[in-house]
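Whatever order the structure lists them in is the order used to number ligands and atoms, beginning at 1.
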Amino acid sequence: MAEIVIIYTSETGMTKQYAKWISKELDSDCLVLEEVKAEEFLHADLIVFGAGIRAGRMRKLKSFHSKMNKSGWSGPVVYFATGGAPYDEQTVRAIVANSFHSSETSSVPFHYFESGLNFEKMKIRSRAIMRVYKMIMDGKKEKSEAAMGTRQALNGSYDHSSPDYIRPLIKDVHKRINV
Ligand SMILES: Cc1cc2nc3c(=O)[nH]c(=O)nc-3n(C[C@H](O)[C@H](O)[C@H](O)COP(=O)(O)O)c2cc1C
């Protein structure tokens, strides 16, 4: 049977929750990027890597790729990212374009899952950034649904995560390992 390993990084627990749901569904190890050792993933046939979105791009991709390169592992990777914004094809396209090299954007296996915001668990720096962002958004006169939604979202913690959202990723992984 093919071996799948989930590697994730998570600041406030949102990405961790999705990583746990995925690992349960795929019956695979679930490891933290900052702690994982090469011997824990070198045997994998496929790695699923997940991180949160920061200012429109996936966090810690460089760090993940550097760890993989140093270990000599070069198998297939399926990526997922979690973010406070609702799923929207245009938003997802923009995240892929901001996160990956232009030569990869049309082919990279990427899945986006809506999560939320957890101000209580954010690091001080993140909370400060969010405060500034909220001030900027509050100062804008824009009344579009998206702008109103963003303003509303910045008012406090919320969690729209759902295990239902991981279905396309599970299907994608199964297809790639020929289940
Ligand atoms: C400083 C900061 C910037 C963020 N930028 C975005 C963003 O551009 N788009 C988005 O959808 N979510 C954004 N978020 C929300 C996070 O992506 C979301 O909470 C994510 O699930 C966090 O995952 P983690 O805490 O497990 O790392 C941002 C959060 C912070 C703290």
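- Remark: ligand 1 and Thr12 share an N or O pair separated by less than 3.5 Å (distance only, no angle test).
- Ranked by closest heavy atom to atom 21 (O) of ligand 1, the top entry among Ser115, Gly84, Ala94 is Ser115.
- Protein heavy atom nearest atom 27 (O) of ligand 1, with residue, atom name and distance: Glu11 N, 2.9 Å.
- Taking a cut-off of under 4.0 Å to the non-hydrogen atoms of Met14, the atoms of ligand 1 that pass are 21 (O), 23 (O), 26 (O).
- For the atom pair CG (Leu169) and CD (Glu25), the distance works out to 10.5 Å, reported to the nearest 0.5 Å.
- In Arg59, the part holding a heavy atom less than 4.0 Å from any atom of ligand 1 is the side chain.
- Closest to atom 20 (C) of ligand 1 among all protein heavy atoms lies Thr82 OG1, 3.4 Å.
- Here the shortest heavy-atom distance to atom 15 (C) of ligand 1, taken over Asn118, Thr9, Leu117, Ile129, belongs to Leu117.
- When hydrogens are left out, the protein atom nearest atom 26 (O) of ligand 1 is Ser10 OG, 2.5 Å; that is the closest non-hydrogen contact.
- Between Met130 and ligand 1, not a single N/O pair is under 3.5 Å apart.
- Between Ser126 and ligand 1, no N or O atom pair is found at a separation short of 3.5 Å.
- Among all non-hydrogen protein atoms, the one lying nearest atom 19 (O) of ligand 1 is Gly116 O, 2.6 Å.
- When only non-hydrogen protein atoms are considered, atom 28 (C) of ligand 1 lies nearest to Ile53 O, 3.5 Å.
- Within the 4.0 Å heavy-atom cutoff, Glu114 does not count among the residues contacting ligand 1.
- Looking from atom 23 (O) of ligand 1 to the surrounding protein, the closest heavy atom is Thr15 OG1, 3.3 Å.
- With sequence neighbours left out, the ring-ring contact (aromatic ring centres under 6.0 Å, His included) criterion links Tyr165 to no other residue.
- Less than 4.0 angstrom separates some heavy atom of Ala85 from each of these atoms of ligand 1: 10 (C), 11 (O).
- For the pair Tyr112 and ligand 1, a heavy-atom separation below 4.0 Å is found.
- Within the listing of ligand 1, atoms 31 (C) sit less than 4.0 angstrom from a heavy atom of Met122.
- For ligand 1, the atoms closer than 4.0 angstrom to any heavy atom of Gly56 are 7 (C), 8 (O).
- In this structure, atom 1 (C) of ligand 1 lies nearest to the protein heavy atom Arg54 CD, 3.6 Å.
- In terms of protein heavy atoms, atom 5 (N) of ligand 1 is closest to Ala55 N, 3.1 Å.
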Between side-chain atoms of residues 107-115 and protein atoms elsewhere (two or more places apart, or another chain), which donor-acceptor pairs fall under 3.5 Å?
residue	atom	partner	partner atom	Å
Ser107	OG	Glu104	O	3.3
His111	NE2	Asp172	OD2	2.8
Tyr112	OH	Gly83	O	3.1
Tyr112	OH	Ala85	N	3.3
Tyr112	OH	Ala85	O	2.5
Glu114	OE2	His160	ND1	2.8
Ser115	OG	Gly83	N	3.4
Ser115	OG	Gly83	O	3.2

